[in-house]
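One structure below.
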Amino acid sequence: RKEVEQDPGPFNVPEGATVAFNCTYSNSASQSFFWYRQDCRKEPKLLMSVYSSGNEDGRFTAQLNRASQYISLLIRDSKLSDSATYLCVVNKASGTYKYIFGTGTRLKVLA
Amino acid sequence: NAGVTQTPKFRVLKTGQSMTLLCAQDMNHEYMYWYRQDPGMGLRLIHYSVGEGTTAKGEVPDGYNVSRLKKQNFLLGLESAAPSQTSVYFCASSYAGLGGVQETQYFGPGTRLLVL
C-alpha cells in the first residue's frame, strides 16, 4: 500500500459544480497535512493546510478524518482557473522533516 | 523578494557526465529540500538539510550528493548521470514551526533534466 494515495482522475466537471477529492494515508503518526496545487509544468504551490477541526478558505474546504486516515478537499462553484493537479501532502511522522506527496488528482473544469 | 530560484531551468546531459543544480532562497529558511518528480510517481525526496552545514538522505538519494555551505544555497550534484535520472527536479525551503512541526514548503520553478 502506498503511504499516500489519491485517485489520479481526471475529474471533468462543468463550471459552477462542486467537486471533492479524497486522499488516504497509511501512517497513523502523521501530524501535518496539506493540499498543494500544481499547474502543468509548474512548481507545486500551497493551497491550504488541513487542520483537525477542518478549515475553509473561500470556495475551498479541507477536512481531516484521523480515524479513517484520510483528508478531503471540497471545491465549490468551480472556476475554469481551478483546472490543475491537486497534491495531497502528509508528513512522514511527527517531528520529522520528511513529507510524502501523493501522485495528485487532476481536475479539469469545463466551460 | 525572489523566493526560491533554481538554475539551470533545463539541461541535457550525456550518460556519465556530471552537473550541479543550484537552489537559492532569500526567505532565511532553515530547511531546504531536493525532490524529483516523475510521471505517476509523485514528488520523491532526494536529500534535505535542516541547517547550514548539515545534510541528510531522503527516499531516493543514490546517485546524488548535496552540499549546504551557505544557509541560502542548497546544491544538488550528479557525479555520473544516468538515463534513470531524467526527471524534473524541484527545490523547496521551509521554516520550522512551533514544536518542530514543519510549515509550508515553498518550491522553486524546477529544473528539467534529460540524460541521454
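Within every chain, numbering begins at 1; the chains are lettered A, B, ... in the order of the sequence lines, protein sequences first and strands thereafter. Just so we're clear, the structure is a prediction, and the values are computed from it rather than from any experiment.
Residue A:Arg37 qualifies as enclosed at atom CZ: its count of foreign heavy atoms under 6.0 Å is above 12. Atom NZ of B:Lys71 has more than 12 heavy atoms from other residues, nucleotides or ligands within 6.0 Å. Atom CD of A:Glu56 has more than 12 neighbouring heavy atoms from other residues, nucleotides or ligands inside a 6.0 Å radius.
Side chains of B:Gln37 and A:Gln38: a donor on one and an acceptor on the other come within 3.5 Å.
Hydrophobic clustering, with ILVMFWY side chains joined whenever heavy atoms are under 4.5 angstrom apart, groups A:Leu73 together with A:Leu64. In this structure, B:Val50 is not a member of the same hydrophobic cluster as B:Trp34, with clusters built from ILVMFWY side-chain heavy atoms closer than 4.5 Å. A continuous path of hydrophobic side-chain contacts links B:Leu45 to B:Tyr31 [ILVMFWY only; heavy atoms under 4.5 Å]. Residues A:Met48 and A:Ile100 fall within the same hydrophobic cluster, defined by Ile, Leu, Val, Met, Phe, Trp and Tyr side chains chained together at heavy-atom separations under 4.5 Å. Hydrophobic clustering places A:Phe21 together with A:Leu80 (ILVMFWY residues linked when any side-chain heavy atoms are closer than 4.5 Å, directly or through intermediates).
When all heavy atoms of B:Thr104 and A:Tyr36 are compared, the closest pair comes out as CG2-OH, 3.7 Å. Shown here for A:Phe101 and B:Gln105, the closest heavy-atom pair between the two residues is CZ-OE1, 3.8 Å.
For the pair B:Val88 and A:Arg41, the minimum side-chain heavy-atom distance is 4.5 Å or more. Between A:Tyr99 and B:Tyr48 there is no side-chain heavy-atom pair separated by less than 4.5 Å.
Among residues 109-116 of chain B, the residues having any heavy atom closer than 4.5 Å to a heavy atom of chain A are, in sequence order, B:Pro109, B:Arg112.
Here A:Lys2 contributes atom NZ and B:Met41 contributes atom CE; the two are 7.5 Å apart, rounded to the nearest 0.5 Å.
Residue A:Gln6 does not touch chain B at all, counting heavy-atom pairs closer than 4.5 Å.
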